[in-house]
Amino acid sequence: MKVLVLTGAGISAESGISTFRGSDGLWEGHKPQEVATPEAFADNPALVHRFYNDRRRQIQQATVRPNAAHQALALLETALGEDFLLVTQNVDNLHQRAGNSRVIAMHGELLKVRCNETGEIFDWHEDLTEGTPHPNNPLIQKSLRPHIVWFGETPFYLPQIEDAARQADVFISVGTSGTVYPAAGILSQTQSHCRTIEINPFPTPLSPKFDETIRQKASIAVPIVTQQIQDQSIIRG
Ligand code: NAD
């Protein structure tokens, strides 16, 4: 039984990381177009760097840890192996920290930076500024940017994600608003035999299209659903 899981900011809300759209429609006090577009980075790189430096510092605070939902998905991967794939829109690395390795971070990762000139990707835990030197070539200047997919840019690994959606027997969407495309389009790439489940305390525009919607927090619902899948896959052998 092939299981594809899509996660969004909601799964990390109970780990203390704000979702994208708070009740004020802002992301940590900013309009998304001020901080999460290539145009914003070109216009005001200092502001964009400061925003992502704050986000990078936040996810490294001792209080920010994987919660029961992340942990349950790590256990499901252990049980299913190659039949499991996790696609996340999150950039916080909490899935990797929980123990998942079959993770596609389609919107990038806060703990990585990329060189605009060479395309190299570096692990990164510190602040980044316009003046931060390239790690191994001092002749390249002002080339580093957060390894984050901004609005207007193409997410990573879309062909692999589409393949996984077509092959999935179970598709679970956790903590995502269903409004950020192409992630929101993954549901429509699943086939008719695939059982589709949404976990979100609140309805989303996609809710009517799922076979089942579970109106619960991720930390409650994900451990239950993943246990059910493990029980079924044991019965099926
Ligand atoms: P979103 O903020 O648009 O939507 C979050 C969804 O989670 C909402 O539908 C909300 O009802 C739901 N939710 C809130 N608390 C929940 C809980 N405890 N359990 C389950 N669901 C809960 O997020 P999105 O759809 O992921 O899109 C946001 C974009 O912003 C993504 O592209 C992502 O890259 C980025 N982002 C990432 C993080 C992160 O890495 N943690 C945080 C904020 C934004």
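As the structure is a computational prediction, the values presented were derived from the model and not from experiment. Both counts, for ligands and for their atoms, begin at 1 and track the order of listing.
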Checklist outcome for this item: Numbered in order shown, the ligand 1 atoms found under 4.0 Å of a heavy atom of Val180 are 27 (O)
Checklist entry - Do Phe156 and Val149 come within less than 4.5 Å of each other through their side chains, counting heavy atoms only? => result yes
Next on the checklist: Regarding atom 8 (C) of ligand 1: of the candidates Thr88, Asn200, Thr19, which has the closest heavy atom?
Outcome noted: Asn200
Using distance only, find each side-chain donor-acceptor pair of residues 78-86 under 3.5 Å and give its atom names and separation, not counting sequence neighbours.
unit_1, atom_1, unit_2, atom_2, d
Thr78, OG1, Ala74, O, 3.1
Asp83, OD1, Lys2, NZ, 3.3

Item to check | Residue list, ring pair (Phe, Tyr, Trp, His ring centres under 6.0 Å) with Phe41, at least two apart or on another chain | outcome: His49, Trp150
Checklist entry - Would Leu187 and Ser173 satisfy side chain to side chain contact (heavy atoms under 4.5 Å, CB included), going step by step from the backbone distance to the final call? => result CA-CA 8 Å; Leu187 173 66; Ser173 171; over 6 Å; no
Checklist outcome for this item: Check: of Ala183, Ala13, Gly108, min heavy-atom distance to atom 15 (N) of ligand 1 comes from Ala13
Next on the checklist: When you compare ligand 1 with Ala218, is there at least one nitrogen or oxygen pair between them that comes in under 3.5 angstrom?
Outcome noted: yes
Item to check | Numbered atoms and elements of ligand 1 in range of Val91, under 4.0 angstrom, heavy atoms | outcome: 39 (C), 40 (O)
Next on the checklist: I'd like to know whether Leu6 forms a side chain to side chain contact (heavy atoms under 4.5 Å, CB included) with Val174, so could you lay out the CA-CA distance, the side-chain angles of the two residues, the decisive distance to 0.1 Å, and finally the verdict.
Outcome noted: CA-CA 6 Å; Leu6 171 69; Val174 187; over 6 Å; no
Checklist outcome for this item: Atoms of ligand 1 under 4.0 Å from any heavy atom of Gly8, numbered from 1 in the order shown, are 26 (O)
Next on the checklist: Between ligand 1 and Thr179, is the shortest N or O to N or O distance under 3.5 Å?
Outcome noted: no
Checklist entry - Would His125 and Leu111 count as a side chain to side chain contact (heavy atoms under 4.5 Å, CB included) if you check the C-alpha gap in whole Å, the side-chain angles of each, and the deciding distance to 0.1 Å? => result CA-CA 6 Å; His125 290 77; Leu111 296 182; 3.9 Å; yes
Next on the checklist: Just to be sure I read this right, does ligand 1 sit under 4.0 Å from the backbone of Ser18, its side chain, both, or neither, counting only heavy atoms?
Outcome noted: backbone
Checklist entry - ligand 1 versus Ile17, non-hydrogen atoms closer than 4.0 Å: side chain, backbone, both, neither? => result side chain
Item to check | Geometric cation-pi criterion, Arg55 with Phe51: 6.0 Å, 45° | outcome: yes
Item to check | Ligand-side contact atoms (ligand 1) for residue partner Glu14, heavy atom cut-off under 4.0 Å | outcome: 17 (C), 18 (N), 19 (N)
Next on the checklist: Assess the residue pair Arg56 and Val91 against the criterion (side chain to side chain contact (heavy atoms under 4.5 Å, CB included)); give the C-alpha distance rounded to whole Å, side-chain angles, the decisive distance to 0.1 Å, and a yes or no.
Outcome noted: CA-CA 9 Å; Arg56 194 178 300 108; Val91 293; over 6 Å; no
Next on the checklist: Among Glu120, Glu153, Glu117, exactly one meets salt bridge (charged side-chain N to carboxylate O under 4.0 Å, His left out) together with Arg145. Which residue is that?
Outcome noted: Glu153
Next on the checklist: Is it the case that ligand 1 has an N or O less than 3.5 angstrom from some N or O of Gln89?
Outcome noted: yes
Item to check | N or O contact, His107 vs ligand 1, cut-off under 3.5 Å | outcome: yes
Checklist outcome for this item: Here the atoms of ligand 1 under 4.0 Å from any heavy atom belonging to Lys217 are 18 (N), 19 (N)
Checklist entry - Closest approach of Thr179 and Pro205, non-hydrogen atoms and distance? => result CG2-CG, 3.9 Å
Checklist entry - Is the closest N or O pair between Gly175 and ligand 1 shorter than 3.5 Å? => result yes
Checklist entry - Using heavy atoms and a threshold below 4.0 Å, how should the contact between Ser12 and ligand 1 be classified: side chain, backbone, both, or neither? => result side chain
